[in-house]
Amino acid sequence: MIALVSNRLLIVTTFSALSKLKPVVSNVHLLTNEEWNEFAAIWQPFTAKRKTILTAAGETEKYLYFVIDGVQRAFYLKENADKDATLVFSYTGSFSGVLDSFLLQQPSRYFLETLTASEFIRTTFNQVNELMKRHHNIETFVRKSLALTIAGVLERQIELQSFTAEEKFRVLLKRSPHVLQMIPHKYLASYLGLDATTFSKLLGSVRI
Amino acid sequence: MQHYNTKKLIDELQQQTETFLEKAVSEWQMMSPAKLLKQPATDKWSFAQCLDHLNSYGHYYLPAIEKAIETAKQKNWTSRKVFTPGLLGNYFTKLMAPAVEGTKLKKMSAPKSHIPIADLNSREVLSEFIQQQEKLILLLKEARKINLEKAKVPISIASFIKLQLGDTLRFLIMHNIRHILQGEGAIEAPTITGEERNKIATSVSF
């Protein structure tokens, strides 16, 4: 009986999670009902406490995550260095996981951890891969998602290399003001390639 | 002597640490240095000073706790269902307990090496505090696997006195509660209200 109840709870949780995933998918590429139903069937719920390493450097990413709640960060840890570099954040409504390691099925060079208690649904490479083989439309969805991701990464590359500290800070405030109250500023400073003191000064002086 | 269910005890210590970490990230990070550095009176600590005082303890205790956990792992002192505090550990923890409304907080003075200066870089202090609490969360996770009585941590002011790991964690987190409530009292419009404050002071059961 208990198993039945918790099973039902699991189904309800997954259902509400999938209803959050659907518009995110449709926004990139529209699937037919049948395709969506098959795509929706490959996700499992998963939760992790604060500061859990989801994928360590050297491991091959097993999962693609969709974030229902919480904040995560990917970071690179140089050998014998005392500071890590924050590469990217994920939060409610975004995909997460070490994407390159996942798609290429090769060891990750960096870590992925939760910064807060987090709730996800997740799926495996094999499941995604099978669906891509069977449905051209699902492969198109993945391709378009990747194109958008690459555009984002290159845009960030421009910002990192040619923006001043203040410009970087303003872009962050404009694009995602909510992160200031969600993420320790030390990680945000690292993400922008600023030192913590500069970040603090900008926080005190820049207002939009 | 009171006994604790080990899992429940660590759950509560972790929850308390989560609560402060959440406040630090979502609210205290956004406060101006002027607000964090405001002293209610010349002889009273600002919020930043309270956090700096806590950091000075974390600076000693977090590596000491990590070492105790390592030793326990090597010696295979695995976790037990029930935790019984030591006399000394209990005494220190109770000494740190914050005041409940209507009762008077026992006034104490900090050891010299833990007295914070007034002219602090408040954002650096807060950043260090957040980093330490994140570390504490990781250590609490590790502590779940080991015997909290057998693992021992030397205390900061007299290294020949050792506390059980479980007591060290209780003491450290109770000390956090005490000074965070004190520090919140130093700022105008505190993020922990009177009612919440009382709830924290009365609900801690470790």
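These numbers come from a predicted model, not from an experiment.
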Output the distance between atom CD1 (B/I130) and atom CD1 (A/I183), rounded to the nearest 0.5 Å.
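The CD1 atom of B/I130 sits 11.5 Å away from the CD1 atom of A/I183.
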Rounded to the nearest 0.5 Å, what's the gap from CZ on B/R123 to NZ on A/K201? Could you check?
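The CZ atom of B/R123 sits 11.5 Å away from the NZ atom of A/K201.
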Is the count of non-hydrogen atoms from other residues, nucleotides or ligands lying under 6.0 Å from [X] atom [atom1] greater than 12?
{"X": "B/K8", "atom1": "NZ", "answer": "no"}
{"X": "B/D119", "atom1": "CG", "answer": "no"}
{"X": "B/K73", "atom1": "NZ", "answer": "yes"}
{"X": "A/K62", "atom1": "NZ", "answer": "no"}

Members of residues 134-170 of chain B whose heavy atoms come closer than 4.5 Å to chain A
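Within residues 134-170 of chain B, near chain A: B/E134, B/I137, B/L138, B/K141, B/R144.
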Proximal component of B/S127, with respect to chain A [non-hydrogen, under 4.5 Å]
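Side chain only.
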Could you tell me which portion of B/E22 (side chain, backbone, both or neither) has an atom closer than 4.5 angstrom to a non-hydrogen atom of chain A?
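Both parts, backbone and side chain.
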A/K186 versus B/Q29: any side-chain heavy-atom pair under 4.5 Å?
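A/K186 does not reach B/Q29 side chain to side chain.
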